[in-house]
Amino acid sequence: MKYKIFIAGVWGFGNRSIMERFRNDSDVEYLKYDFKYFHQIAKAWKLINRKLGGHGAGILRWLLKTKIFDDKYALSHCNFADNDVNYVVVFNSALLQYYSRNYFLRLKKKNPNIKYILYIIDPMPEGLWPEIQKVLDVFERVMTIHPYNCRKYGFEYLPYIYAKLEETGKFQINGKTNLFFCGVSGEHRQGIISDIVKKCEENEIGFDFWLKPYGNDAIKNIHVHYSEMPYEENVERIKKAECILEIMHEGFVGITQRYLEAIVYNKRLLTNNAEIKRLPYYDSRYMYYFEKPEDIDWNWLKDGTKANYHYQGEFDSKTWKENLLKLLER
């Protein structure tokens with residue numbers, strides 16, 4: 001059976017570089033810019049939403065339900081004309097940022113041979129579920145990278161995509177560090193990071209923390225930086241670190257990019273992900289779960305153990321495609 005797969009929706013910076021691995025695969029097309037002027041619209045919308053006191057999302061959703069933006073979607077210009085091909089469009093779970101149920105219905109009315117797949121990659125606390133339910137009936141299949149979503153909702157399990165970045169030599173990082181963190185410094189994380197910074201200094205742990213500015217840049221330390229960085233630089237800093245620090249968004253659990261980075265680059269992982277002990281590749285020598293910073297045994301990080309997960313490539317793009325096709329054939 002012949003399949004043509006389109007990968008659409010909102011993907012983060014790290015994910016984009018991985019999805020671009022499909023550029024030489026004629027059966028898979030990654031729509032990197034699948035909504036024209038999205039970044040410009042998003043930037044303008046933030047300003048409008050701020051002036052409306054956070055009540056602008058409803059207006060944006062209403063606009064997306066109309067046909068105003070239909071010709072701005074890359075999917076509207078894709079060729080679905082070959083009746084001998086099974087066309088599959090994979091959307092990740094951030095699709096509601098600028099897709100609407102109405103658009104899905106309009107596109108499928110024009111191209112009834114399309115099959116929609118919802119691929120849930122975000123950890124899904126209860127707050128996201130009502131949003132997904134609004135569009136769930138549009139999708140033929142729902143797949144997820146999180147085993148707990150399969151247990152709770154009966155979704156199909158499709159392991160995530162991740163692979164080492166191609167070497168470019170663009171970023172050269174000097175020196176090594178014990179602990180590396182890169183992420184958004186939201187309100188929930190601020191207190192946790194602040195406590196970990198203090199503990200690192202008390203225990204003479206070398207750390208390199210890069211926080212995306214969030215409006216409250218309260219932690220003042222020469223090893224704490226408030227700046228966004230290209231994902232390629234992020235990876236180079238991971239390579240120089242003994243251990244990756246992961247601090248989950250409040251209420252989130254499951255497989256994350258930090259977890260995958262640790263496995264693929266053979267790095268230890270210090271995490272407050274409550275699901276970590278149930279995930280594939282968990283090894284207490286290399287992965288340490290903490291509920292509160294005061295629970296951390298810093299001797300674990302200082303014992304010099306080198307991680308080796310004996311990774312078998314389950315997350316690379318070739319394997320991901322094979323797993324997807326096996327699910328589609330069921």
So that I know where these two stand, are Phe80 and Tyr87 an aromatic pair - ring centroids less than 6.0 Å apart? yes
Partners passing side chain to side chain donor-acceptor pair (under 3.5 Å) against Asn323 (at least two apart in sequence or in another chain): none
Could you tell me if the ring centre of Tyr73 sits under 6.0 Å from that of Tyr99? yes
Does the pair Glu232 and Leu165 meet the rule for a side-chain contact (heavy atoms from CB on, under 4.5 Å), with working shown? CA-CA 7 Å; Glu232 292 83 356; Leu165 289 188; 4.0 Å; yes
Is there any salt bridge (Lys or Arg N to Asp or Glu O under 4.0 Å) pair reaching into residues 320-330, and which pairs are they, with sequence neighbours excluded? Asp25-Lys321, Asp27-Lys321
In terms of side-chain heavy atoms, does Asn149 have a donor or acceptor partner in Thr144 at a distance below 3.5 Å? yes
What I want to check is whether the side chains of Tyr162 and Glu314 have a donor and an acceptor closer together than 3.5 Å. no
Close aromatic pair by centroid cut-off 6.0 Å: Phe207 and Phe180: no
Side-chain donor/acceptor of Arg141 to backbone N/O of Leu118, under 3.5 Å: no
Please lay out, stage by stage, how Ile219 and Gln190 fare under the test side-chain contact (heavy atoms from CB on, under 4.5 Å). CA-CA 8 Å; Ile219 305 171; Gln190 280 281 339; 3.7 Å; yes
Does the side chain of Asn102 pick up a donor-acceptor pair with the side chain of Ser100 at under 3.5 Å? no
Testing the basics here: between Lys134 and Arg101, what is the closest heavy-atom pair and its distance to 0.1 Å? O-CD, 3.2 Å
Would you say Ile114 ends up clustered with Leu105 if hydrophobic residues are merged whenever their side chains have heavy atoms under 4.5 Å apart, either directly or through other cluster members? yes
Would you say the ring centers of Phe22 and Trp320 fall short of 6.0 Å from each other? yes
With sequence neighbours excluded, tell me which residues meet ring pair (Phe, Tyr, Trp, His ring centres under 6.0 Å) with Trp210. His225
Is the gap between the ring centers of Tyr309 and Tyr286 under 6.0 Å? yes
Distance-only side-chain donor-acceptor flag, Asn234 / Glu261, under 3.5 Å: no
Tyr119 side chain to Leu158 main-chain N or O, any donor-acceptor pair under 3.5 Å? yes
Tell me, do Glu242 and Lys267 make a side-chain contact under 4.5 Å, heavy atoms counted? no
Can you find a side-chain donor-acceptor pair between Glu246 and Thr256 that sits under 3.5 Å? yes
Test of ring centre spacing under 6.0 Å for Phe104 and Phe139: yes
